[in-house]
Amino acid sequence: MSESKSIKYYPESLDLETILINIRSDTQTLPTDDMRRAIFEAELGDDTYDECPTVHRFEKLAAEMTGMEAALLVISGNMGNLTALMTHARHGDEVIIDLDSHIYYYEEGGLANIAGLMPMTVKSHQGMMNPDEVRSVIRKPNLHYPIPRLICLENTHNRSGGRVVPLDLHEELCKVAREADLSIHLDGARIFNASLAAKVPVKEYTKHVDSMMFCLSKGLGAPLGSVLVGSRDFIEKADFHRKRLGGGMRQAGLIAAAGIIALEDMVDRLEEDHAHAKNLAQAINQIPGLSVDCETVETNMVYIDHSDTGLDTGHILNRLKQWGLIASGRPPYHVRMVTNLHHNSDIIDEVIRRMKLAFES
Ligand SMILES: *Cc1c(COP(=O)(O)O)cnc(C)c1O
């Protein structure tokens, strides 16, 4: 890791007692000084003409770090997933997908209304799809059925609280897909969180998939951008679909420059976020009315069950706000906190102190 580790991402002389603490999401991170400098100095060209040297450097690095042949910079995770769906499957094809996946739940139905795909849903259990259930929904060709073409996996699993899908389950799901001749797309928005928590190299997760998307603008701290990785042939086709979605970019080196810093310097520090989330979870679990299933806190997310308070989620969020804490709601019973690079251990302690005050009074 470079010198940037010593950079403080929070004000030097912050008055802990009065600052508003934003612990809603890892998407709320601001670019580091190194990123701002790299953006300022980036060598640029028109990426739609394939002439941006910084994009070239970035995409080469992203492909190498994920063990894939090629990479494509996209504007958002959402665009990366949608581009992948459109590249893998044609209108009317079927995609096997977790009911609680980000693609199904949070992406405006783009899989149906833009990619034109028919979802065949399987419900995961705490982020884990059961391979037998997946096998059971893949149908043999028949005049009455759409053609199953693709399966989507997700790691870490967002709606289950950043759970890590273990490598053996991941491999088994890939095997089920291959037996049925399906392509495999991995929504790896937070794949580096998964990799660090599972102590499994990212390349092990990508080994059996055809494509993966991951985000630069979450825990890795870049201001925007995500990446699609896959075979050279896949990425060439994906480039066309990205353009069709309005994602052809010109001097995109501005995004790629920050992306290079994200990949080179910001991956290893995600462990800090994980440690902070664990501490936060354990402390909040001691507060009357609140509970956290600490076993499930594997990465940077903490889902707090407030059902014993008898209050609704909106009420809880308001109370937190009165104590200068901004969290997000997962109604009806949960509030979510996500640790990120702006939270050092003093800030985590302050969150805990305020949570106690807010709920013990
Ligand atoms: C955030 C996220 C996305 C989408 O990323 P955006 O950049 O917000 O569009 C996709 N999948 C998962 C699992 C995510 O957490």
Side-chain angles (χ1 to χ4, degrees), residues 20-29 76-78 81 97-110 121-129 152-165 187-190 193-194 197 215 217-219 270 273-274 276-340 342-343 348 351-352 354-356 358-359:
L20 194 64
I21 301 177
N22 178 353
I23 195 160
R24 245 181 307 183
S25 178
D26 51 4
T27 59
Q28 305 254 314
T29 48
S76 65
N78 202 322
N81 282 334
I97 192 159
D98 171 12
L99 203 65
D100 274 325
S101 64
H102 196 281
I103 294 176
Y104 186 80
Y105 208 96
Y106 292 122
E107 299 186 6
E108 306 84 31
T121 57
V122 175
K123 192 167 167 55
S124 63
H125 313 276
Q126 301 235 28
M128 310 298 136
M129 286 204 275
C152 292
L153 306 176
E154 183 174 314
N155 208 358
T156 65
H157 191 271
N158 188 331
R159 274 181 64 73
S160 68
R163 296 299 305 266
V164 178
V165 180
D187 177 349
R190 296 184 180 81
N193 297 82
C215 293
S217 61
K218 291 183 172 168
L270 293 172
D273 298 345
H274 298 178
H276 288 155
K278 283 196 179 71
N279 292 343
L280 193 59
Q282 275 154 13
I284 291 173
N285 193 37
Q286 307 292 319
I287 298 174
L290 303 181
S291 65
V292 180
D293 183 353
C294 295
E295 295 286 296
T296 67
V297 179
E298 298 178 297
T299 57
N300 61 349
M301 295 184 187
V302 180
Y303 274 59
I304 305 163
D305 184 332
H306 59 73
S307 46
D308 287 348
T309 62
L311 301 170
D312 66 42
T313 307
H315 206 107
I316 299 279
L317 290 177
N318 273 335
R319 181 172 306 180
L320 293 180
K321 213 165 182 186
Q322 284 163 4
W323 287 93
L325 296 175
I326 307 183
S328 58
R330 288 291 178 274
Y333 301 125
H334 290 89
V335 161
R336 187 186 83 164
M337 291 183 174
V338 185
T339 55
N340 67 48
H342 297 299
H343 308 131
I348 297 298
V351 174
I352 295 167
R354 292 186 197 180
M355 290 293 287
K356 287 182 179 157
F359 290 93

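Residue numbers run from 1 in the order of the sequence given.
Listed by chain and residue number, Asp98, Tyr105, Lys123, Ser124, His157, Arg159 satisfy the side chain to side chain contact (heavy atoms under 4.5 Å, CB included) test with Asp100 (two or more places apart in sequence, or in another chain). A search for side-chain hydrogen bond (donor to acceptor under 3.5 Å, both in side chains) contacts involving Asn81 returns Glu107, His185, Asp187, not counting sequence neighbours. His274 pairs by the side-chain hydrogen bond (donor to acceptor under 3.5 Å, both in side chains) definition with Asn193, not counting sequence neighbours. For Tyr104, the side chain to side chain contact (heavy atoms under 4.5 Å, CB included) partners two or more places apart in sequence, or in a different chain, are Ile97, Leu99, Ser101, Leu111, Pro119, Thr121. For Ile326, the side chain to side chain contact (heavy atoms under 4.5 Å, CB included) partners two or more places apart in sequence, or in a different chain, are Leu20, Asn22, Arg24. Every residue meeting the side-chain hydrogen bond (donor to acceptor under 3.5 Å, both in side chains) condition with Glu298, not counting sequence neighbours, appears here in chain and number order: Arg163.
At most 12 heavy atoms of other shown residues, nucleotides or ligands fall within 6.0 angstrom of atom NE2 in His315.
Counting only distance, with no hydrogens or angles, the side chain of Thr27 and the backbone of Lys218 share no donor-acceptor pair below 3.5 Å. Between the side chain of Arg354 and the main chain of Gly324, a donor-acceptor pair closer than 3.5 Å is present. A donor-acceptor pair is defined here as one N or O able to donate and one able to accept, closer than 3.5 Å; no such pair exists between the side chain of Thr339 and the backbone of Ile23.
The two residues Cys152 and Ile103 make their nearest non-hydrogen contact at SG-CD1, 4.0 Å. Summarising the geometry of Thr296 relative to Gln126, their closest heavy-atom pair is CG2-OE1, 3.5 Å, with the distance given to 0.1 Å. Of all the heavy atoms in Arg336 and Val338, the pair that sits closest is NE-CG2, 3.4 Å. Heavy-atom minimum distance, Ala327 versus Leu320: CB-CD1, 3.9 Å. Annotation for Tyr333 and Ser307: closest pair CD2-CB, 3.6 Å, computed over non-hydrogen atoms. Residues Ser160 and Gly127 approach most closely at CB-N, 3.6 Å, considering heavy atoms.
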For Trp323 and Met355, run side-chain contact (heavy atoms from CB on, under 4.5 Å): C-alpha distance rounded to whole Å, both residues' side-chain angles, the deciding distance at 0.1 Å, then the answer.
-> CA-CA 8 Å; Trp323 287 93; Met355 290 293 287; over 6 Å; no
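A distance of 15.0 Å separates CD1 in Ile316 from NZ in Lys321, rounded to the nearest 0.5 Å.
Side-chain atoms of Thr313 and His334 form no donor-acceptor pair, as typed in the model, at a separation below 3.5 Å.
For the side chain to side chain donor-acceptor pair (under 3.5 Å) criterion with Asn300, the lone passing option out of Asp26, Asp273, Thr156 is Asp26.
For the pair Thr309/Leu290, a side-chain contact is recorded, criterion being any heavy-atom separation below 4.5 Å from C-beta on.
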